Amino acid sequence: MTNPPSYPTGPTPSPTGPTSHPTGPTPYPTAPPRYPTTPPTDPTGHPYHRLDRASGRHRWWRPWVGTLLLAVTYFVSILVLFGVSHGLGTALGAPELPDGGADLGPLGNTAMDLVSLAIALPLVLLATLWPARRPVGTVTSVTGRLRIGWLGRCLLAGLLPILLLTVTAFLLPDDSGGSDTWVGWRSFLTALAVLAVLVPLQAAAEEYVFRGWLLQAAGAFVRSPWFAVIPQAVLFAAAHGWGTQWGFLGLLVNGLVAGLLTIRTGGLEAAIALHVLNNLLAFGASAAVVDGLSSDETAADAPWSLALTAVVTDLLYAAIVLWFARRHKPQRLSAPSTPPAPPAPFAHPARTA
């Protein structure tokens, strides 16, 4: 009796190679993702002067158009404010100034000058929304907001330098020929109340324009902090007019110090604190004497002795703020950006047997 022939139990091999029919289930193909690649994650964040790049909407024309729009809208706002003040003066029967505006008195004229600068603040925020197309908080700090605690520390840091400046200015000889007659407590306290409201707005507006918008507009094109800081410092000094070469130098150093502190601490708080304290001192000293607020002198007209004292004050303030920064470590870089989540792969409905 012969044994039956033996047959292989596995699949019959194809004469040309492995079988063309797989033994396991075949996965259905999936559609490719909508976006084949995603932008890489920024692991470090951006310094303050490069925040225009952090939004991902940067275009070369946005800083230029925003600067032009800011200048035009500010000019129009000044014309509107001039018309309002002229109408108010006419209604009150106030005399006219040489430039055609209404003479509202020393304190009234000073208030109008401060308001004419403070209106730049909302214009900067609008320019940040469009055409910059980024949150308004990015012009304030790398955290997207005003850091109140850090602002308070910067105001504390400025007390000693401002005290030094006050004492030195009091001891220096006064060659301006202005009045030194005490104005009286009632007039002085009234002026201080008005200045306490308007000076912080005016000082903050200048910082938002120069250390905020212009610094970030330059930083959109250059990486170096110095190349971003120098243009706004020159424009800041020039905006005060040309008085003396020492006054211009003092303002230039002030702009450089404020700009570098802004980048080093990640926001405008240090620059705003220094500007507010300086201006409160200057306007407060003017309000204390008769016709002191009528003077048209600015920091650009400072003699060499006062300008040199102001430079030492700025450098001392910077040293104290940097010491505070080492202890309290304010955020210097923006939060690292994360790429958008990739879309879920397209899946076919399950096929039944």
Side-chain angles (χ1 to χ4, degrees), residues 48-49 117 141 147 150-172 199-200 202-212 214-215 218 225-286 297-328 330 332:
Y48 176 85
H49 67 295
L117 295 172
S141 73
R147 299 167 293 183
W150 178 241
L151 176 63
R153 290 188 174 93
C154 291
L155 288 171
L156 180 63
L159 293 181
L160 177 61
I162 292 300
L163 178 62
L164 171 65
L165 180 60
T166 303
V167 173
T168 306
F170 180 77
L171 296 177
L172 290 175
V199 165
Q202 168 263 329
E206 291 191 30
E207 293 307 317
Y208 270 82
V209 170
F210 292 98
R211 260 64 70 181
L214 292 179
L215 182 64
W226 282 102
F227 287 128
V229 164
I230 290 176
Q232 60 80 27
V234 174
L235 292 174
F236 174 72
H240 288 76
W242 181 262
T244 65
Q245 59 182 359
W246 290 103
F248 184 88
L249 178 61
L251 288 167
L252 181 64
V253 172
N254 181 267
L256 292 173
V257 169
L260 290 173
L261 284 179
T262 297
I263 296 176
R264 177 63 180 79
T265 61
L268 293 175
E269 294 88 356
I272 291 175
L274 177 61
H275 205 148
V276 168
L277 292 174
N278 270 330
N279 284 15
L280 282 177
L281 170 63
F283 283 107
S286 298
E297 290 187 352
T298 67
D301 303 303
W304 71 268
S305 54
L306 189 56
L308 183 60
T309 303
V311 168
V312 174
T313 300
D314 292 340
L315 296 179
L316 177 60
Y317 173 76
I320 298 175
V321 167
L322 293 178
W323 182 75
F324 276 7
R326 286 193 295 270
R327 288 176 59 87
H328 300 284
R332 296 177 52 189

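These numbers were taken from a predicted model, which means no experiment stands behind them. Residue numbers start at 1 and run along the sequence shown.
- Between Leu261 and Leu322 there is a side-chain heavy-atom pair separated by less than 4.5 Å.
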Check your understanding: Hey, mind stepping through Cys154 and Tyr317 against side chain to side chain contact (heavy atoms under 4.5 Å, CB included) and telling me if it holds?
Key -> CA-CA 9 Å; Cys154 291; Tyr317 173 76; 3.6 Å; yes
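- Of all non-hydrogen atoms in Arg147 and Gly266, the two that sit nearest each other are NH2-C, 3.3 Å.
- Expressed to the nearest 0.5 Å, how far CG of Leu235 lies from CD1 of Ile230 amounts to 12.0 Å.
- The two residues Ile320 and Ala157 have their closest heavy-atom pair at CG2-CB, 3.5 Å.
- When all heavy atoms are compared, the tightest approach of Val199 to Val276 is CG1-O, 4.1 Å.
- The two residues Leu215 and Ala228 come nearest to each other via the heavy atoms CD1-O, 3.1 Å.
- In this structure, Arg211 satisfies the cation-pi test against Phe236, with its NZ or CZ atom closer than 6.0 Å to the six-membered ring centre and inside 45 degrees of the ring normal.
- How far OG1 of Thr166 is from CG of Leu281: 4.0 Å, rounded to the nearest 0.5 Å.
- Going from atom CH2 of Trp304 over to atom OG1 of Thr309 covers 8.0 Å, rounded to the nearest 0.5 Å.
- Closest approach of Ala299 and Leu251 over heavy atoms only: CB-CD2, 3.8 Å.
- Panel note: side chain Asp314, backbone Val311; no donor-acceptor pair is recorded below 3.5 Å.
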Review point. Between His240 and Glu206, does a side chain to side chain contact (heavy atoms under 4.5 Å, CB included) hold up when you go through it step by step?
Key: CA-CA 11 Å; His240 288 76; Glu206 291 191 30; 4.0 Å; yes
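- Under a 3.5 Å cut-off, the side chain of Arg332 and the backbone N or O of Arg264 do form a donor-acceptor pair.
- Judged by distance alone, the side chain of Tyr48 and the main-chain N or O of Leu268 form no donor-acceptor pair under 3.5 Å.
- At most 12 heavy atoms of other shown residues, nucleotides or ligands fall within 6.0 angstrom of atom CH2 in Trp226.
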Practice item. Could you check Val167 against Leu163 for side chain to side chain contact (heavy atoms under 4.5 Å, CB included), going step by step and ending with a plain yes or no? Key: CA-CA 6 Å; Val167 173; Leu163 178 62; 4.2 Å; yes
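- Note that CG of Asn279 is 9.0 Å distant from CG of Leu274, once rounded to the nearest 0.5 Å.
- Heavy-atom minimum distance, Glu269 versus Ser141: OE2-CB, 3.9 Å.
- The only option from Asn254, Leu308, Leu165 that meets the side chain to side chain contact (heavy atoms under 4.5 Å, CB included) definition with Thr313 turns out to be Leu165.
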